[in-house]
Colleague: 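Submitted below is the structure of interest, expressed as structure tokens.
In what follows, every chain begins at residue 1, and chains take the letters A, B, ... in the order their sequences are listed.
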Amino acid sequence: MPDCTFFTTAIDYTNAAPHIGHAYEKVLTDVFARFEKLSGRSVYFLTGVDQHGQKVQQSAEKEGLSPLDFAQQCTVKFLALWQQLGVQYDGWAATTDPLHKQAVQRILQQLFNSGKLYKQAHRGFYSVRQEQFLTDKDRNESGAFGPEWGEVVELEEENWYFRLSEYRDWLLGFIDSHEHFVTPAFRRVELRNAVEKLSGDLCISRPKSRLSWGIELPFDAGFVTYVWFDALINYVSFSGYLADPDSGLPCFESLWPAKAHVIGKDILIPAHGVYWPIMLHAIGFSDDHIPNLLVHGWWNISGAKMSKSTGNVIDPAALATHYGVTALRYYLMADISTGKDADFSEERLRIRFNDELANNVGNLLNRTLNMAHRYRAGVLRKLESPDADLSQLALHDAPKAVATYTDAMAHYQVDAALDAAIQLARACNQLIESSAPWKLAKDPAQAERLDAVLYHLAEAIRIVAILLNPVLPDASLGILAQLAVATAPSLQDAVWGRMEDGHLLGPPVPLFPRLEPPPVVAD
RNA sequence: GGGCCUGUAGCUCAAUGGUUAGAGCAGGGGACUCAUAAUCCCUUGGUUGGGGGUUCGAAUCCCUCCAGGCCUACCA
């Protein structure tokens with residue numbers, strides 16, 4: 001068993017600037033990693049970039065750059081975005097890293113030595129313009145290859161193949177016996193159906209005459225390896241598999257297997273659901289050393305209208321700059337159910353931020369601190385006088401919120417987890433209305449009741465702040481700072497009564513300024 | 001062609017085959033003044049896409065049709 005929870009993301013292809021989907025996946029995984037830390041467990045979060053392959057080579061040529069320069073130019077954009085969005089990874093997997101190249105070549109050599117690779121000639125139709133072999137599926141209605149392919153020639157080419165189909169039955173059995181291999185469950189069904197139809201082996205090489213930008217096969221210098229064989233291996237190469245002792249990479253045994261490879265639905269079949277488990281099995285990994293897959297959905301862009309005036313609004317960096325990192329992270333985590341698709345909407349981003357963070361949580365903090373300062377000079381009294389409504393909050397609402405939250409996070413349901421925190425804040429606002437501290441303050445006989453109400457509100461807000469921490473680390477610390485709670489957020493402290501008698505609260509400062517809608521422009 | 005998913009209130013979504021299908025937002029009405037024009041209470045709104053079937057009981061299971069999306073087929 002690994003002693004460290006290990007999460008990975010897909011590594012992004014350095015051929016274009018990052019978009020909202022890239023940002024979603026990384027923030028999602030960042031939230032999982034931060035939740036593990038909040039729970040007191042050690043965690044390792046690996047993400048990175050896939051820098052090899054034909055498209056990078058082609059794009060580099062267009063811009064007159066070397067593939068490496070082009071890939072690094074693009075990589076910088078990803079690095080800057082993760083910095084901006086507060087994505088705190090522990091390991092960076094860039095596939096041009098020599099340590100990665102070494103691991104890929106060692107694995108290829110091992111597969112070669114054990115006879116799992118073979119060389120074979122393939123004859124087919126090849127598009128010179130697109131630099132790829134065509135299949136019958138590429139033919140148009142009249143059965144010919146259309147003009148979009150340019151010149152098409154029939155040629156024969158030798159390549160290296162991996163004996164993928166030999167492992168079909170093993171993979172079927174593995175899927176059947178590991179119900180948590182793929183989350184959500186319907187994706188596992190989809191995968192199983194696809195594997196049943198699996199036939200043919202996997203071509204894992206490209207001749208250098210066609211593609212030079214890749215990792216050379218260690219046993220045949222005329223070829224580079226196919227991008228998936230290169231990219232998938234990042235999960236083990238950067239976690240220390242087959243690494244030299246002085247490599248500086250983590251200790252593989254402390255990480256493997258990863259708790260989850262977080263990936264998009266587009267790369268489940270065949271890459272992560274077929275190639276990857278079979279590769280690991282062929283290399284010699286046992287069934288319980290094959291990581292689970294968490295498959296997330298996509299943000300669809302339905303309204304094309306919104307980009308008209310502001311340009312590319314789905315650029316996550318621009319969104320974060322415009323609305324703030326807190327608003328963007330909150331929206332990306334709250335408005336989609338993990339595994340499903342959602343429609344991206346700036347209007348919903350604003351609405352959810354305003355309703356749930358500004359009006360509900362932020363205003364709750366603000367009004368509570370204001371009253372505490374106005375009526376009690378910011379000093380909390382921890383008294384034994386729980387009235388029914390207060391004990392409801394302390395003994396029922398708050399523990400229930402923590403339990404619901406923890407269970408939801410354990411099942412990767414970030415939206416449901418956030419909802420639990422928001423509901424607790426809502427319960428606090430209700431308590432303020434029903435207890436009316438401004439009336440209690442006018443009646444000296446109600447002094448203890450007022451102290452108790454203020455204490456209960458502050459405690460509940462403290463717990464809300466802890467629960468929000470993985471998704472909104474900055475806002476979480478901001479709330480705790482105003483509460484003058486100095487200890488680092490921890491789920492262990494999400495229990496009632498941590499603030500002591502005489503605790504002095506900080507001054508209120510609006511933490512979530514409301515987002516205003518853009519000015520309405522007449523058509 | 002094969003496979004998967006979705007369809008529930010105006011919108012975004014819940015609901016192990018089991019009370020009268022629920023939340024939030026939006027809409028309507030009211031209350032309050034501690035607060036970021038915030039908050040709280042009440043409330044309107046449903047032939048669960050259509051049709052058949054199984055069942056004591058169906059949003060849920062089966063059949064069928066319709067609509068939308070996805071995978072199959074290298075970019076989250």
Colleague: Between R350(A) and E347(A), does any NZ, NE, NH1 or NH2 come within less than 4.0 Å of an OD or OE carboxylate oxygen?
Modeller: no
Colleague: Round to a whole Å and report the spacing from CG of N360(A) to C1' of A35(B).
Modeller: 13 Å
Colleague: Starting from Watson-Crick (N1-N3 plus N6-O4 or O6-N4) and G-U wobble pairs under 3.5 Å, report the runs of at least three that RNA chain B belongs to.
Modeller: B:1-7 with B:66-72, B:10-13 with B:22-25, B:27-31 with B:39-43, B:49-53 with B:61-65
Colleague: May I ask you to decide whether K265(A) forms a salt bridge with D341(A), counting only side-chain N to carboxylate O separations under 4.0 Å?
Modeller: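 Salt bridge between K265(A) and D341(A), a charged N being under 4.0 Å from a carboxylate O: yes.
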Colleague: Other residues, nucleotides and ligands only: do more than 12 of their heavy atoms fall within 6.0 Å of CD on E196(A)?
Modeller: yes
Colleague: Can you tell me which nucleotide in G24(B), C71(B), C25(B) comes closest to the side chain of E356(A)?
Modeller: G24(B)
Colleague: Could you give the CZ-to-P distance, from R188(A) to C5(B), as a whole number of Å?
Modeller: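 Roughly 13 Å, once rounded to whole Å.
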Colleague: What is the distance, to the nearest angstrom, from the CD atom on Q482(A) to the P atom on A35(B)?
Modeller: 15 Å
Colleague: Between F162(A) and F229(A), does the ring centre distance come in under 6.0 Å?
Modeller: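 Between F229(A) and F162(A), which both carry aromatic rings, the centre distance is below 6.0 Å.
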Colleague: So I267(A), base contact, sugar-phosphate only, or nothing? Heavy-atom distance under 4.0 Å.
Modeller: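 Touches sugar-phosphate only.
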Colleague: Among U36(B), C34(B), C75(B), find the nucleotide with the atom closest to the side chain of M371(A).
Modeller: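 Between U36(B), C34(B), C75(B), the one nearest the side chain of M371(A) would be C34(B).
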Colleague: Between D30(A) and R34(A), is the closest basic N to carboxylate O distance under 4.0 Å?
Modeller: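 Salt bridge: yes.
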Colleague: State, without any angle test, whether H261(A) and T8(A) hold a side-chain donor-acceptor pair at a distance under 3.5 Å.
Modeller: yes
Colleague: If I take atom CD1 in residue I351(A) and atom C1' in nucleotide G24(B), what distance separates them, rounded to the nearest angstrom?
Modeller: 11 Å
Colleague: With a 4.0 Å limit, can you tell me whether R187(A) has a side-chain N or O closer than that to the phosphate oxygens OP1/OP2 of C5(B)?
Modeller: no
Colleague: Tell me yes or no: between the side chains of T225(A) and D230(A), is some donor less than 3.5 Å from an acceptor?
Modeller: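 Side chains of T225(A) and D230(A): no pair found under 3.5 Å.
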Colleague: Would you mind reading off the distance between D343(A) atom CG and U6(B) atom P, rounded to a whole angstrom?
Modeller: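 From D343(A) CG to U6(B) P: 16 Å.
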Colleague: Measure from CG on L364(A) to P on U39(B) and round the result to the nearest Å.
Modeller: 11 Å
Colleague: Closer than 4.0 Å, any side-chain N/O of N359(A) to the OP1 or OP2 of U39(B)?
Modeller: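 For U39(B), OP1 or OP2 has a side-chain N or O of N359(A) closer than 4.0 Å.
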Colleague: Which part of the nucleic acid does A10(A) contact within heavy-atom distance under 4.0 Å: base, sugar-phosphate only, or nothing?
Modeller: sugar-phosphate
Colleague: Assess whether a salt bridge exists between R449(A) and D389(A), defined as any Lys/Arg side-chain N lying under 4.0 Å from an Asp/Glu carboxylate O.
Modeller: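 Yes, this pair counts.
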Colleague: Can you tell which of C25(B), C75(B), C4(B) lies closest to the side chain of D355(A)?
Modeller: C25(B)
Colleague: Please determine if a side-chain N or O atom of R348(A) lies less than 4.0 Å away from the OP1 or OP2 oxygen of C13(B).
Modeller: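 Checking C13(B) against R348(A), no side-chain N or O comes under 4.0 Å of OP1 or OP2.
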Colleague: Using a 4.0 Å heavy-atom cut-off, does F186(A) contact any base of the nucleic acid, only the sugar-phosphate backbone, or nothing at all?
Modeller: sugar-phosphate
Colleague: Heavy atom of residues 420-443 of chain A under 4.0 Å from RNA chain B: which residues?
Modeller: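 RNA chain B contact set from residues 420-443 of chain A: R426(A), N429(A), Q430(A), E433(A), W438(A).
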Colleague: Closer than 4.0 Å, any side-chain N/O of K197(A) to the OP1 or OP2 of C4(B)?
Modeller: no
Colleague: Is it the case that atom NE2 in H322(A) sees more than 12 heavy atoms from other parts of the structure closer than 6.0 Å?
Modeller: no
Colleague: Could you give the CD1-to-C1' distance, from I263(A) to C75(B), as a whole number of Å?
Modeller: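 Rounded to the whole Å, the gap is 14 Å.
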Colleague: Which whole-number value in Å describes the distance from Y375(A) OH to U33(B) P?
Modeller: 10 Å
Colleague: Would you indicate what R514(A) reaches in the nucleic acid, counting non-hydrogen atoms under 4.0 angstrom: base, sugar-phosphate, or nothing?
Modeller: base
Colleague: State which residues pass salt bridge (charged side-chain N to carboxylate O under 4.0 Å, His left out) with K259(A); sequence neighbours excluded, sorted by chain then number.
Modeller: E36(A)
Colleague: For N370(A), report the nucleic acid contact type (base, sugar-phosphate, nothing); a contact means any heavy atom under 4.0 Å.
Modeller: sugar-phosphate
Colleague: Taking atom types as they are modelled, would you say the side chain of N366(A) forms a donor-acceptor pair with the base of A35(B) within the 3.5 Å cutoff?
Modeller: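 Result: no qualifying N/O pair found.
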Colleague: Give me the distance, rounded to whole Å, that separates G7(B) from G46(B) when you measure between the C1' atoms they each carry.
Modeller: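 That atom pair is separated by 14 Å.
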Colleague: Once rounded to the nearest 0.5 Å, what's the spacing between atom CG of L515(A) and atom CD of E346(A)?
Modeller: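 Answer for the CG-CD pair, L515(A) versus E346(A), is 10.5 Å.
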